Amino acid sequence: GDGNCVNSDPSSPALKFEVTATWNRARVATLTLPHVQCQTPIFMPVGTQGTVKGLTSQQLEEIDCPVILGNTYHLGHRPGPELLKDMGGLHKFMNWNRGLLTDSGGFQMVSLLKFAEITEEGVRFQSPHDGSMMMLTPEESMQIQNCIGADIMMALDHVVSSTTTGPIVEEAMERTLRWIDRCISGHSRPKEQNLFGIVQGGLDVDLRKRCLDGLIKRNLPGYAIGGLSGGESKDMFWRMVDVSTQHLPANKPRYLMGVGYAVDLVTCTALGVDMFDCVYPSRTARFGTALVPTGTMQLKNSEYASDYRPIDPHCHCMVCRKYTRAYLHAIQGKEHLSGQLLTYHNIAYQMNLMRSIRENIISQNFPNFVQSFMKDQFPDATIPLWVRESLEVAGISC
């Protein structure tokens with residue numbers, strides 16, 4: 001047999017997903033990938049150039065982080081796919097022996113580059129290096145991601161902003177389905193790497209359902225919910241997550257892209273999401289913001305100048321064990337160190353939150369956990385309507 005093979009399911013030779021506990025729609029599962037076995041629901045921090053800004057691979061292991069994200073767009077430029085292939089992939093290059101997920105590169109292009117336009121062939125863009133016009137096709141995205149060698153790779157899809165309306169939303173969804181077949185054909189390592197499709201369709205339930213049906217027919221190892229957390233109302237956001245998780249197969253992982261606020265992690269887990277990623281914990285750390293059970297703590301505020309407690313007395317991360325709020329306040333804005341320490345704590349906070357979610361689903365105490373979590377986040381008892389409505393659908397009254 002193939003040494004990389006972890007599964008008997010022929011549609012997912014490089015992935016195994018076993019649901020071990022549920023509370024209504026929320027679920028805990030064991031996810032086995034070529035480089036890691038972990039429990040879901042999980043949060044995956046984003047590392048642009050293969051590292052999470054300010055943290056080493058070793059620190060991510062200390063925080064017990066099973067899977068991180070790499071951006072294909074950045075890695076495709078530097079070090080570049082050829083070098084990564086020669087090195088034996090990104091895992092070896094960055095000395096990370098756990099899970100890796102790469103995006104397709106398309107979103108980065110559309111959001112970062114001038115003159116990016118999407119045609120049937122692929123994403124046309126102007127090279128930031130020499131100004132020449134270049135094209136990223138679904139086949140090329142697969143080729144680059146096959147060189148990077150991540151456990152999970154994402155299909156190239158036609159990205160439209162979640163607030164876009166009109167015929168382009170339908171066209172983008174249809175093109176996403178045409179491109180998934182080109183991705184499947186262009187993916188040369190299905191026994192070592194898992195290709196996930198991405199559910200598009202904007203904020204239109206019918207388009208979402210059509211995209212869901214089309215992707216499910218392709219019987220992929222896992223599915224992502226895309227095109228959200230881009231400025232749409234929270235009411236639309238949760239409804240699109242809801243329709244997606246209701247339709248996706250129960251025996252495959254469901255990945256909600258670009259979502260990382262604590263309240264969203266809890267509500268979307270209740271709706272049946274298994275995997276999340278977001279730059280938020282590391283990005284907000286660089287502005288001096290720490291994540292805590294009551295929400296956020298702005299360490300630049302003068303009230304912390306002589307506060308000798310840790311950020312969170314209940315957090316056991318290295319930063320909370322070794323540094324005070326006063327120290328972190330004193331180094332605000334002067335040091336890279338502040339951003340590094342807060343990133344460490346914030347990612348530890350996300351890992352701890354996901355662990356609590358899993359433990360409370362397993363112990364069947366999930367509704368009580370969610371209710372006390374929301375009380376901490378919204379102490380003045382005004383839990384937003386969208387949170388109450390989405391949790392009600394998930395069987396929890398707040």
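Just so it is clear, the model here is predicted, and its values are computed rather than measured. Here, residue 1 is the first one in the sequence, and each next residue gets the next number.
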- Item | Heavy-atom closest pair, residues E120 and R182 | O-NH1, 2.9 Å
- Query: With a 4.5 Å heavy-atom cut-off, do R358 and I42 have their side chains touching?
  - Reply: yes
- Item | Ionic contact status for D274 with K252, cut-off 4.0 Å | no
- Could you check V241 against T267 for side-chain contact (heavy atoms from CB on, under 4.5 Å), going step by step and ending with a plain yes or no? CA-CA 10 Å; V241 172; T267 51; over 6 Å; no
- Message: With a 3.5 Å distance limit and no angle check, can you tell me whether Q145 reaches the backbone of M154 through a side-chain donor-acceptor pair?
- Response: yes
- Message: I need the minimum non-hydrogen distance between S161 and G230, along with the two atoms involved.
- Response: OG-O, 4.3 Å
- Task: Heavy atoms only: give me the nearest V273-F276 pair and the separation to one decimal.
- Result: CG1-CZ, 3.5 Å
- Task: Write out all pairs satisfying salt bridge (charged side-chain N to carboxylate O under 4.0 Å, His left out) with one or both partners inside residues 98-107, taking only residues at least two apart or from two chains.
- Result: D64-R98
- Specify whether F366 and F369 have parallel, tilted or perpendicular ring planes, treating 30° as the upper limit for parallel and 60° as the lower limit for perpendicular. parallel
- Task: Keeping the roles fixed (side chain from Q59, backbone from T56), state whether a donor-acceptor pair exists under 3.5 Å.
- Result: yes
- Message: How long is the straight-line distance from CZ of F17 back to CG of L33, given to the nearest 0.5 Å?
- Response: 10.5 Å
- Task: Could you verify whether a donor N or O on one side chain and an acceptor N or O on the other, from Q39 and T30, lie under 3.5 Å apart?
- Result: yes
- Message: Just so I know, are the side chains of T294 and P379 near enough to count as touching, which here means a heavy-atom distance under 4.5 Å?
- Response: no
- Task: Hey, could you give me each pair passing side-chain hydrogen bond (donor to acceptor under 3.5 Å, both in side chains) that has a residue in residues 324-333? Not counting sequence neighbours.
- Result: D307-R325, Q332-S338
- Do the side chains of L156 and M135 join up, straight or via other hydrophobic residues, at under 4.5 Å, putting them in one cluster? no
- Considering all heavy atoms of both residues, which atom of C317 and which atom of H345 are nearest to each other, and what is their separation? SG-ND1, 3.7 Å
- Task: Flag the pair V263 / W386 as yes when at least one side-chain heavy-atom distance between them is below 4.5 Å, and no otherwise.
- Result: yes
- With rounding to the nearest 0.5 Å, note down the distance linking OH in Y304 to CG in L299. 6.5 Å
- Message: Holding to side-chain hydrogen bond (donor to acceptor under 3.5 Å, both in side chains), I want the full list of residues that pass it with S306, two or more places apart in sequence or in another chain.
- Response: none
- Task: Verify the cluster assignment for L215 and V205: are they in a single hydrophobic cluster under the rule of side-chain heavy atoms below 4.5 Å apart?
- Result: yes
- Out of curiosity, M44 CE to M351 CE, how far, rounded to the nearest 0.5 Å? 9.5 Å
- Message: If you count every heavy atom of other residues, nucleotides or ligands that lies below 6.0 Å from E61 atom CD, does the total exceed 12?
- Response: yes
- Would you call D206 and R210 a salt bridge, using N to O less than 4.0 angstrom? no
- Task: Determine whether N365 and E359 make a side-chain contact, defined as any pair of heavy atoms from C-beta on separated by less than 4.5 Å.
- Result: no
- Task: Applying side-chain hydrogen bond (donor to acceptor under 3.5 Å, both in side chains), name anything that partners Y344, two or more places apart in sequence or on another chain.
- Result: E62
- Query: side-chain contact (heavy atoms from CB on, under 4.5 Å) between C211 and L177: does it pass, once the steps are laid out?
  - Reply: CA-CA 7 Å; C211 197; L177 288 177; 4.3 Å; yes
- Task: Give a yes or no on whether a salt bridge exists between D242 and R25, defined as a side-chain N under 4.0 angstrom from a carboxylate O.
- Result: yes
- Is it true that a side-chain atom of W96 and a backbone atom of G99 form a donor plus acceptor pair closer than 3.5 Å? yes
- Closest contact, heavy atoms only, C398 versus Q371: SG-CG, 3.9 Å
- Message: If the test is side-chain hydrogen bond (donor to acceptor under 3.5 Å, both in side chains), which one of E192, R189, Q193, K85 qualifies with N146?
- Response: Q193
- Item | Sidechain-backbone polar pair: N352 side chain, A348 backbone, donor-acceptor under 3.5 Å | yes
- Item | Main-chain N/O of H158 paired with T176 side-chain donor or acceptor, under 3.5 Å | yes
- Give a yes or no on whether K375 atom NZ has more than 12 heavy-atom contacts from other residues, nucleotides or ligands under 6.0 Å away. no
- Has the side chain of N346 got a donor or acceptor atom that lies under 3.5 Å from a matching backbone atom of T289? yes
- Message: Taking the side chain as everything from C-beta on, heavy atoms only, tell me whether W23 gets closer than 4.5 Å to P367.
- Response: yes
- Task: Indicate yes or no for a side-chain donor-acceptor contact from Q298 to the backbone of T296 under 3.5 Å, with no hydrogens or angles considered.
- Result: no
- Taking a hydrophobic cluster as the set of Ile, Leu, Val, Met, Phe, Trp and Tyr residues connected by side-chain heavy atoms closer than 4.5 Å, whether directly or through intermediates, do Y323 and F287 fall within one such cluster? no
- Query: Looking at residues at least two apart in the chain, or sitting in another chain, which of them share a side-chain hydrogen bond (donor to acceptor under 3.5 Å, both in side chains) with D151?
  - Reply: H35, H91
- Query: Quick check: does any side chain N or O of S229 sit under 3.5 Å from a backbone N or O of G258, one acting as donor and the other as acceptor?
  - Reply: yes
- Query: Looking only at heavy atoms, which two atoms of C268 and L256 are closest? And how far apart?
  - Reply: SG-CD2, 3.6 Å
- Does the side chain of T40 reach to within under 4.5 Å of the side chain of P253, using non-hydrogen atoms? no
- Do NZ/NE/NH1/NH2 and the carboxylate oxygens of D181 and R218 come within less than 4.0 Å? yes
- Task: Just do the side-chain contact (heavy atoms from CB on, under 4.5 Å) check on V266 and L353 with the steps written out, would you?
- Result: CA-CA 9 Å; V266 172; L353 174 60; 4.1 Å; yes
- Message: For a 4.5 angstrom cut-off between non-hydrogen side-chain atoms, does V259 reach I225?
- Response: no
- Mind checking ring-ring contact (aromatic ring centres under 6.0 Å, His included) for Y280 and listing every partner two or more places apart, or none if nothing turns up? Y261
- To the nearest 0.5 Å, what is the distance between CE (M236) and CZ (R239)? 8.0 Å
- Message: Regarding S233 and D235, do their side chains bring together a donor and an acceptor under 3.5 Å, going by distance alone?
- Response: no
- Task: Would you check if L69 and T102 make a side-chain contact, meaning some heavy-atom pair closer than 4.5 Å?
- Result: no
- Message: For D9 and K16: C-alpha separation, side-chain torsions, deciding distance, then whether side-chain contact (heavy atoms from CB on, under 4.5 Å) applies.
- Response: CA-CA 8 Å; D9 177 352; K16 197 170 179 184; over 6 Å; no
- Within the distance-only criterion (no hydrogens, no angle test), does the side chain of R388 pair as donor or acceptor with the backbone N or O of I383 below 3.5 angstrom? yes
- Task: Give a yes or no on whether the backbone of P281 and the side-chain of T284 come within a donor-acceptor separation of less than 3.5 Å.
- Result: no
